[in-house]
Student: 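Quick one: structure below, then a few questions.
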Amino acid sequence: MAYNFTTIEKKWQEYWLTNKTFRAFDPDEAGDMPKAYILDMFPYTSGQGLHVGHPEGYTASDIYSRYLRMKGVNVLHPMGWDAFGLPAEQYAIRTGKHPRLTTEENIRNFRRQIQMLGFSYDWDREVDTTDPNYYRWTQWIFLQLFNSYFDPMDQKAKSIGHLINELQNGDFLVAPDGTIHLNPVQEGMEALSGQSSLLREWKDISPDEQRDVIDGQRLAYMDEVAVNWCPGLGTVLANEEVIDGKSEVGGFPVERRPMRQWMLRITAYGDRLIKDLDLLNWPESLKEMQRNWIGKSIGAEVDFDLVVPRLPEEDEVPTVTVFTTRPDTLYGATYMVLAPEHPLVDRIATSAQKAEVAAYRQQCATKSDRDRMADAKEKTGVFTGGYAINPMTYKPIPVYIADYVMMGYGTGAIMAVPAHDQRDYDFAMKFNIPIRQVVKPVSGELPAGRAFEEEGIAIDSALINGQTTAEAKQTMIRALEAESIGVGATKYKLRDWLFSRQRYWGEPFPIVLDEQGNAYAISEKELPLTLPEMEDYKPTGTPEPPLTRATEWRKYQRDGKQYLRETNTMPQWAGSCWYYLRYIDPKNPKQFIDPVKEKYWMPVDLYVGGVEHAVLHLLYARFWHKVLFDLGHVSSPEPFMRLVNQGLILGEMEFHAFTKPDGSPVSADELSDIAEEMLDKTPTMTGTHKTTGQKCLGRRVDIEAVEKSGPKFVLKSNPSSAVDARAFKMSKSRGNVVNPDAIVKDYGSDCLRLYEMYMGPLEMQKPWSTRDIVGMSRFLNGVYRNLLGDDEAPSTTPRVAAAPVPDDLDRQLHRTIKKVAEDIEGMRFNTAIAELIKLNNELTHLQPVPKNVADAFALLLAPFAPHLAEEVWSRLGHAKSLAREPWPTFDPAKLVESVLELPVQINGKLRDKITVPADASEETILAAALAAEKVQPWIQGKSVKKKLYVPKRLVNIVVA
RNA sequence: GCAGGAGUGGCGGAAUUGGCAGACGCGCUGGCCUUAGGAGCCAGUGCCGAAAGGCGUAGGGGUUCGAGUCCCCUCUCCUGCACCA
């Protein structure tokens with residue numbers, strides 16, 4: 001009979017909650033306990049509830065936390081809710097309920113589901129990003145950003161007050177574009193020619209302009225930029241939220257349009273965000289994704305003089321600045337390309353070319369990002385009719401516009417070096433532009449028919465001939481700087497973080513605007529600024545945010561002056577940027593965190609979550625953390641020291657058989673690019689026939705209709721026809737989503753936990769298989785039966801008694817203790833469970849089970865199946881929870897075997913096995929090996945060349 | 001195209017890092033028990049072969065007494081980025 005997991009699990013969950021079993025101790029109560037902060041990525045509380053992917057990571061971190069607690073560690077293991085943002089609001093609109101209500105419902109449901117899985121969270125620390133007591137501090141951090149700037153010398157954030165001081169002292173000067181520059185005189189440097197004459201001192205600037213300069217330096221600033229406007233969602237989106245030209249949420253098309261928006265100056269931190277990755281124990285692939293996203297490239301900006309008639313108001317020759325990572329190839333620049341949107345295009349285009357240029361620009365503007373990507377193979381562009389002067393060769397080079405150069409990166413203009421850049425090469429071939437080699441390989445020949453992009457030796461470049469690429473770059477940059485025609489420069493692909501959304505369900509900005517649209521912070525004392533109650537919170541469908549309708553709420557008065565509140569709201573990611581800090585001091589009404597507690601708990605020792613947050617949450621949170629660090633609010637430069645990604649859990653394996661358009665069956669191995677596609681709004685499997693190119697459609701076939709034949713699966717009814725076998729991502733539309741509620745009801749949460757951990761290595765992607773769960777169910781039932789017996793009467797433990805431990809069992813026990821601890825520390829939970837199963841199998845026929853073995857078993861099982869372990873532990877006569885019971889220790893002496901069974905190989909092939917005493921000498925063992933029965937025929941009549949004995953491993957005899 | 005990861009029985013996956021390939025679980029086969037159930041217990045289960053034995057870690061080559069593990073080449077799948085100058 002199965003043990004009653006439902007009753008047992010409920011009982012212990014209540015016990016843990018009432019007794020606050022997993023309370024983390026504050027620094028003053030912790031004594032000399034070591035600390036560990038074990039963090040899960042908190043869930044976004046969608047209307048769908050928990051899916052089986054959540055418990056995977058949560059169980060892993062829970063096992064680790066429970067293990068550490070038993071090792072005497074003070075563990076902080078909290079949980080909370082990420083609940084502001086688009087999906088919650090979309091759900092509310094769909095169900096016709098206010099997002100506050102749906103969010104409350106969703107949180108209740110998530111809490112119920114998570115608590116039913118028995119995780120050892122400290123529930124007194126629960127946070128909810130939509131709680132005004134929480135988002136008050138999100139707004140407070142925004143004010144920190146608003147009141148700071150990035151100091152270019154110290155490479156860190158400082159208060160705006162400090163900047164004003166510097167400007168007043170004359171340490172900084174202001175350029176015509178509003179950017180600030182070090183005062184060369186003050187710094188004892190020679191005045192830069194040209195530019196410096198345009199720099200002005202603070203005192204020479206009007207108050208209005210002064211405010212603009214300051215506002216332009218803030219880490220949170222407003223700017224008119226080309227943004228991703230998503231009409232389907234009625235809001236703008238960050239670059240990170242746009243995938244292949246569509247919104248990540250909902251998959252709606254996104255268009256670029258200029259709008260005035262809040263931005264966070266994450267680009268200032270690009271360099272530190274890359275560099276500090278080295279401090280982190282994160283998966284290499286994830287670090288690489290962040291490096292790619294930030295996209296740092298080092299090179300130079302070079303000014304090219306334009307060959308155009310000078311306008312009367314210009315006192316110098318107009319120039320175009322290009323960015324290049326290969327300044328060593330400057331001599332090879334044979335043409336120039338501007339992005340179609342580049343502001344100088346009109347200035348350069350000749351009257352003869354104007355029409356063609358305008359037509360091309362029009363064509364680019366209407367092309368979606370998607371089309372642009374699809375057309376990437378074929379270069380397009382038009383000649384402007386204008387020329388620029390190559391500053392090294394003094395030769396005029398034609399200026400083109402082409403959509404392979406983007407306005408958003410670098411300077412929006414490139415010097416094209418077709419000999420050493422494949423894109424430029426393709427373009428030059430199409431437009432018959434000369435190609436000039438200026439780098440040759442260190443050895444070997446220049447490749448024919450393509451660009452030579454690798455490093456080499458400079459040739460045909462007077463200034464740098466014979467230099468290696470690295471040397472030549474340096475020489476060139478020095479020369480450019482000396483001539484004031486260029487400067488070494490570093491560019492990032494990363495854009496500043498677009499931080500406002502035209503939606504209701506988010507944190508309001510603690511900002512008011514005057515009539516001119518200038519932004520002012522409200523005071524910290526006015527926080528939290530809560531969302532107004534609104535009947536109609538739906539998006540307006542225009543860039544006008546719904547909060548604009550809250551006319552009373554908007555009004556704000558200070559010092560007799562009227563202002564209007566900012567009506568944009570913050571994006572979904574704001575609350576999750578710092579939640580890990582609030583857990584440390586969740587109820588503090590005075591500060592966002594107590595510095596003593598912060599110092600004690602931070603940084604996070606282990607962070608477990610999905611890889612889907614690689615460039616969103618994890619980049620944003622690191623950015624905020626660094627700002628808080630610079631401003632002295634937190635003590636560590638990085639928040640998450642070790643990070644582990646759990647692998648995706650896919651749906652059950654599916655098989656698909658394919659048919660040609662005419663309906664005849666086709667084998668899956670004749671197809672390529674098999675994938676799911678939306679046809680008539682239904683997800684359909686399609687494949688392209690390798691030879692005919694026909695599109696073939698797949699249909700799902702049952703596993704019973706399929707068998708394995710060689711390396712592939714085929715139809716039983718038609719064994720010549722291979723079927724496609726794969727597991728898909730779980731999705732509602734596929735109908736392959738597994739609901740944890742159902743699994744817990746049928747098998748219990750201990751079983752679900754065990755199954756998810758037993759599926760394979762944590763980081764790997766793996767298919768769900770409901771059929772396999774029964775294995776873990778049998779294991780748990782076996783444990784119950786072996787220790788507590790079939791009798792479910794609560795006080796009896798008939799199978800356990802004080803008894804001597806048989807040698808074999810003792811060895812297995814100590815092996816298990818060793819292996820389980822090692823595997824938990826290495827997060828190899830699948831093999832730890834295998835070892836527990838082995839120990840349990842040893843107990844199956846033992847009567848009685850020795851008490852100390854039963855005790856140890858309960859403790860070893862506790863991190864994995866905590867409910868059953870507590871039940872066993874209590875029924876074995878222990879009064880208190882085992883949550884802080886010391887972890888069992890093993891005796892290395894108990895692990896050694898008294899006799900060895902050694903394999904004997906002849907020429908590396910296994911032929912026999914011999915059993916020898918563990919302390920036998922090498923000669924004895926070799927002699928025994930040669931004498932072994934099945935070895936004899938193999939050495940008879942042959943000469944033994946070599947006898948190898950690998951201690952405690954094997955014997956290998958080499959014969960001629 | 002670039003970067004990262006992976007490829008082991010019918011399935012999920014083990015293998016202390018160069019030393020008995022397939023631990024453990026599912027499934028399957030046979031048996032026992034039975035108030036017949038999706039319960040429990042025992043035995044077996046990589047492939048070929050009656051056996052001896054042979055063959056086996058995507059494919060091909062190499063290093064080694066010995067290779068799933070190290071080196072070279074090729075193929076397939078996944079994930080990310082993708083005209084980023």
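Keep in mind that what you see is a predicted model, and the values were worked out from it rather than measured.
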Student: Looking only at the side chains, is there a donor atom on one of A:Glu835 and A:Thr831 sitting less than 3.5 Å from an acceptor on the other?
Tutor: no
Student: Between A:Tyr747 and A:Met289, which has a closest nucleotide on RNA chain B that is more 5'?
Tutor: A:Tyr747
Student: Counting only side-chain heavy atoms from C-beta out, which of B:rC83, B:rC11, B:rC26 sits nearest to A:Val774?
Tutor: B:rC26
Student: Let's see if you get this right: which residues in residues 645-656 of chain A place a heavy atom under 4.0 Å from RNA chain B?
Tutor: none
Student: Measure the distance from CG on A:Asn292 to C1' on B:rG1 and round it to the nearest whole Å.
Tutor: 14 Å
Student: Nearest of B:rA85, B:rG4, B:rA3 to any side-chain atom of A:Ser285?
Tutor: B:rG4
Student: Are the charged groups of A:Glu933 and A:Arg911 less than 4.0 angstrom apart, N to O?
Tutor: no
Student: Tell me what A:Glu763 touches on the nucleic acid: a base, only sugar-phosphate, or nothing, going by heavy atoms under 4.0 Å.
Tutor: nothing
Student: For A:Tyr949, report the nucleic acid contact type (base, sugar-phosphate, nothing); a contact means any heavy atom under 4.0 Å.
Tutor: nothing
Student: Hey, what do you get for OG1 (A:Thr380) to OH (A:Tyr360), rounding to the nearest 0.5 Å?
Tutor: 3.0 Å
Student: Look at all strands and tell whether A:Asn830 reaches a base, only sugar-phosphate, or nothing, counting heavy atoms closer than 4.0 Å.
Tutor: sugar-phosphate
Student: Among B:rC11, B:rA85, B:rC65, which nucleotide sits nearest the side chain of A:Val405?
Tutor: B:rA85
Student: Distance check: side-chain N/O of A:Arg778 vs OP1/OP2 of B:rG27, anything under 4.0 Å?
Tutor: yes
Student: So what is the 5' to 3' dot-bracket string for RNA chain B, if pairs are Watson-Crick or G-U wobble with both distances under 3.5 Å, crossing pairs use [ ] and | means the partner sits on another strand?
Tutor: (((((((..(((......[....)))((((((.......))))))(((....)))..(((((..]....))))))))))))....
Student: Let me check something: any side-chain donor-acceptor pairs from residues 772-780 of chain A under 3.5 Å, sequence neighbours excluded? List them with distances.
Tutor:
none

Student: Has the side chain of A:Arg815 got a donor or acceptor that lies under 3.5 Å from a partner of the other kind on the base of B:rU16?
Tutor: no
Student: Would you mind building the protein contact string for nucleotides 41-63 of chain B? One character per nucleotide, 5' to 3', B for base within reach (heavy atoms under 4.0 Å), S for sugar-phosphate only, - for untouched.
Tutor: SS-----------SS--------
Student: Could one point to a donor on the side chain of A:Lys945 or the base of B:rC65 with an acceptor on the other under 3.5 Å away?
Tutor: no
Student: Of A:Val615 and A:Asp424, whose closest RNA chain B nucleotide lies nearer the 5' terminus?
Tutor: A:Val615
Student: Under the salt bridge (charged side-chain N to carboxylate O under 4.0 Å, His left out) rule, collect the residues that match up with A:Lys287, sequence neighbours excluded.
Tutor: none
Student: Taking RNA chain B as the partner, which of residues 834-843 of chain A come within under 4.0 angstrom of it by heavy atom?
Tutor: A:Ala834, A:Ile837, A:Lys838, A:Asn841
Student: Is A:Glu288 salt-bridged to A:Arg291, cutoff N-O under 4.0 Å?
Tutor: yes
Student: To the nearest Å, how far apart are A:Lys296 NZ and B:rC81 P?
Tutor: 22 Å
